[in-house]
Amino acid sequence: MRPRATSLALPAIAGILLALALPARGRAEEGRPAPPFSLTDIEGRKLDLATYRGKVVLLDFWATWCAPCRDVIPRFVAWQKRYGPRGLQVIGISLDDSAAPVVRFAREFHLNYPVAVGNARLAERYGGILGLPVAFVIDRAGRIYSRHDGGTDPSAIRRDIERLLGVARPD
Amino acid sequence: MRARRGFSSRAAIAVTKGVFAAAVVVAALALPASSSAQGAPAAGGADKDALIAPEALAGIVRSSAKKPVIFQVGFRVLYEQAHIPQSRYVGPGSKEEGLAELRRAASPLPRDTAIVLYCGCCPWVRCPNMQPAYKALLGLGFTNVKLLFIEKNFGADWVAKGYPVEKGAPAGD
C-alpha cells in the first residue's frame with residue numbers, strides 16, 4: 001500500500017509545485033501578443049505600445065471614479081519609480097467618458113507614467129473590459145503574460161512583474 | 001397591469017436571493033471598511049427590497065412579458081462592448097452629468113413605471129454609481145425602482161453567464 005500511495009502522491013506534489021511556479025494562466029489572451037495600439041496621451045503625446053517593446057509593461061485599464069482603481073494606482077506610481085530603472089513601464093488606459101477628469105486625476109495623484117483615454121474597440125481587442133480595473137502584465141517580447149481582473153490582489157501583479165524583471169523580492 | 005405584476009413577483013423571488021447575497025457582501029465589507037470608504041459611497045447601502053438578481057432580470061428580458069425600463073449607469077465603453085438589450089445608457093451615477101441625463105430620461109415616465117438600474121463597473125460593494133442613481137430616481141418620486149445586484153462585475157455576473165446582451169454605441173450617437 002505504501003508504494004502505491006507514494007506513486008500517487010509524487011505526481012500530485014509535482015503538479016502543485018509546477019502550478020506554484022507558473023503564473024495563473026487560463027485567460028484566452030494570456031500568452032498571445034499584446035494587441036498593438038497607438039493613442040494620444042493626456043499630455044498630447046503619441047502613446048504607442050510598440051515603443052515599449054523590450055520593457056515589461058503593466059497596462060492598466062481604469063477610470064477616475066472607480067474606487068478599486070483609485071486604491072491601486074498609488075502602488076503603480078510606486079512601482080514605476082522603483083522598477084522603472086529595471087525595465088518596467090506602466091501605461092494607464094482610462095475608460096472615462098472624457099479626458100478632463102483624467103487630466104485632473106493625473107495631476108492630483110502625481111501619475112509618473114503615460115495615460116490615454118481608451119475606447120471600446122481597444123477594450124474588445126484585449127478580450128473585453130467588462131469591469132474595472134483590469135491590468136495586463138506584458139513581457140519584454142510583447143506577449144501578454146497575465147491578466148488581473150478587479151484589482152483585489154495587487155501582490156499577484158507585483159509578483160508577475162518581479163518575475164519578468166528578474167528581481168528578487170527585497171522582503 | 002398583468003405584465004407589471006409579473007415583473008414584481010419575479011423581482012420578489014430575486015430579492016430573496018439578492019438580499020442574502022447582499023448580506024454576505026455587506027458583512028464582508030466590514031473587514032476592509034476604511035479603504036472602501038474612499039472614492040464613492042457603496043451601492044450596498046441601497047434598500048434591500050430594491051435588489052433584483054441577474055438571473056431574475058435575464059428571465060424577464062428573455063420573456064415576452066412587458067419589460068421594465070432599464071438604465072445603465074456605468075461607463076460608455078462598457079455599454080458599447082456589452083449591454084442588456086433595450087437598456088439605455090445615461091452615464092456614471094457618480095458624475096453629475098450622468099445623474100442629469102438619468103433625470104432627463106426618466107422625468108417623462110409615470111412615477112409607478114418599473115425601472116431597473118444597473119452598472120457592473122466594479123464589485124457591488126465598491127460601485128460608486130448605483131446608489132446616487134437610485135437616490136436620484138427616488139427623489140423624482142419613482143416608486144418601483146430595482147437595482148440589479150451585480151456582485152463582481154458585468155462581465156462575470158451577466159455576460160459570462162450567457163444572459164442576453166447587445167453591443168454598440170448608445171442610441172443617438
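Per chain, numbering begins at 1; letters A, B, ... match sequence-line order. These numbers come from the heavy atoms of this one structure, side chains and all, not from hydrogens, waters or symmetry mates.
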> Quick one: salt bridge (charged side-chain N to carboxylate O under 4.0 Å, His left out) partners of A:Asp139, sequence neighbours excluded?
Replying inline: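 For A:Asp139 the salt bridge (charged side-chain N to carboxylate O under 4.0 Å, His left out) partners, ignoring immediate neighbours, are A:Arg143.
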Please report the shortest heavy-atom distance between [X] and [Y], naming the atom on each side.
X: B:Gln81; Y: A:Gly128; value: OE1-CA, 3.2 Å
X: A:Leu130; Y: B:Asn153; value: O-OD1, 3.3 Å
X: A:Ile129; Y: B:Phe75; value: O-CZ, 4.2 Å

> Does the pair A:Asp149 and B:Lys152 meet the rule for a salt bridge (Lys or Arg N to Asp or Glu O under 4.0 Å), with working shown?
Replying inline: CA-CA 10 Å; A:Asp149 284 73; B:Lys152 188 177 178 188; over 6 Å; no
>> Checking A:Glu124 against B:Glu80 for the side-chain contact (heavy atoms from CB on, under 4.5 Å) test, could you report, in this order, the C-alpha distance in whole Å, the side-chain angles of both residues, the deciding distance, and whether it holds?
In response: CA-CA 10 Å; A:Glu124 287 181 333; B:Glu80 290 180 359; over 6 Å; no
>> Can you list the residues of residues 47-64 of chain A that sit under 4.5 Å from chain B, counting heavy atoms only?
In response: A:Thr64
> Among residues 115-122 of chain A, which ones touch chain B with a heavy-atom distance under 4.5 Å?
Replying inline: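 Residues in range: A:Gly118, A:Asn119, A:Ala120.
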Counting only heavy atoms not in [X], do more than 12 sit closer than 6.0 Å to its [atom1] atom?
X: B:Glu166; atom1: CD; answer: yes
X: A:Arg86; atom1: CZ; answer: no
X: A:Arg32; atom1: CZ; answer: no

Taking only distance into account, with no hydrogens and no angle test, what donor-acceptor pairs under 3.5 Å do side-chain atoms of residues 103-114 of chain A form with protein atoms, sequence neighbours excluded?
from: A:Asn112; atom 1: ND2; to: A:Val77; atom 2: O; distance (Å): 3.0

>> Walk me through whether B:Lys95 and A:Asp97 qualify under side-chain contact (heavy atoms from CB on, under 4.5 Å).
In response: CA-CA 10 Å; B:Lys95 298 281 188 184; A:Asp97 284 359; over 6 Å; no
> Quick one: are B:Pro128 and A:Cys66 in side-chain contact, heavy atoms under 4.5 Å?
Replying inline: no
> B:Tyr89 and B:Tyr163: same hydrophobic cluster, using ILVMFWY side-chain contacts below 4.5 Å?
Replying inline: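 Yes, B:Tyr89 connects to B:Tyr163 through the hydrophobic network.
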> Honestly curious: do B:Leu99 and B:Leu148 fall in one hydrophobic cluster under the side-chain, below-4.5 Å linking rule?
Replying inline: no
